[in-house]
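Below is one structure, written out as structure tokens, with a few remarks after it.
Sequence lines set the chain letters: A, B, ... in the order given, protein chains first and strands last, and positions in each chain run from 1.
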Amino acid sequence: AQSVTQLDSQVPVFEEAPVELRCNYSSSVSVYLFWYVQYPNQGLQLLLKYLSGSTLVKSINGFEAEFNKSQTSFHLRKPSVHISDTAEYFCALTGGFKTIFGAGTRLFVKA
Amino acid sequence: EAGVAQSPRYKIIEKRQSVAFWCNPISGHATLYWYQQILGQGPKLLIQFQNNGVVDDSQLPKDRFSAERLKGVDSTLKIQPAKLEDSAVYLCASSFTGESLWEQYFGPGTRLTVT
């Protein structure tokens, strides 16, 4: 069986502070890993993905995530957050043609 | 490029009634997904189509839910009869083939309220 666990349901942080959203997964087959973001009143959109190659992947708006196979993790980080990063973030995996999402982490950036 | 289209955006029905949702994926996307997202939870895959064939429907409650993708383009998801616990946002997504095979593009969703 496959699973995705997002360890924090809510993460409040002050603007310009660093943030880490944690994601752990379990799978008996090789997986592709994703972070999707859902801004208030908008649809889900892909933030970044790990398919193969370099284990560190980056988005255009400053987020990065590192695939750690030994720890079965794919944590999302940003060194300095903005108010506009307030959103819900979902970690997801695809393995064996099945896609599973985590429960989501609500990032709330305070001024 | 036009995104994934879904309709209606909102629907309120009484329990035991039936309802249908429509999805039009991005042109050329062979794979289409239907998800159920209950408030406070992540999306749960209900069914995945590759062209007009079903790849995975293991989490689709087949006694009340059905889905079809005729001609490998548009898709409809039906619930009959609806239960209170079906209240959720129903998301449609599609993906291309090749390198971006696993990158899913989501529609705005249909918010269903069952009273």
Taking atom [atom1] of [X] as the centre, does the number of heavy atoms from other residues, nucleotides or ligands within less than 6.0 Å exceed 12?
X: B:Leu39; atom1: CG; result: no
X: A:Arg77; atom1: CZ; result: yes
X: B:Lys71; atom1: NZ; result: no
X: B:Ile12; atom1: CD1; result: no
X: B:Tyr10; atom1: OH; result: no

Problem set entry | Leading residue by heavy atom contact count with chain B [cutoff under 4.5 Å; candidates A:Thr94, A:Thr99, A:Ile100] | A:Thr99
Exercise. Under 4.5 Å between any side-chain heavy atoms of B:Pro108 and A:Gln42, yes or no?
Worked result: no
Exercise. Non-hydrogen atoms of chain A under 4.5 Å away: do they reach the side chain of B:Gln41, the backbone, both or neither?
Worked result: backbone
Problem set entry | A:Tyr36 side-chain N/O to B:Gln104 backbone N/O, donor-acceptor pair under 3.5 Å |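 Yes, A:Tyr36 side chain to B:Gln104 backbone: donor-acceptor pair under 3.5 Å.
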Exercise. How far apart are the closest heavy atoms of A:Phe90 and B:Gln37, and which atoms are they?
Worked result: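 Result for this residue pair: CZ-NE2, 3.3 Å.
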Problem set entry | Separation of A:Gln45 CD from B:Tyr105 OH (nearest 0.5 Å) |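 Here the interatomic distance stands at 11.0 Å.
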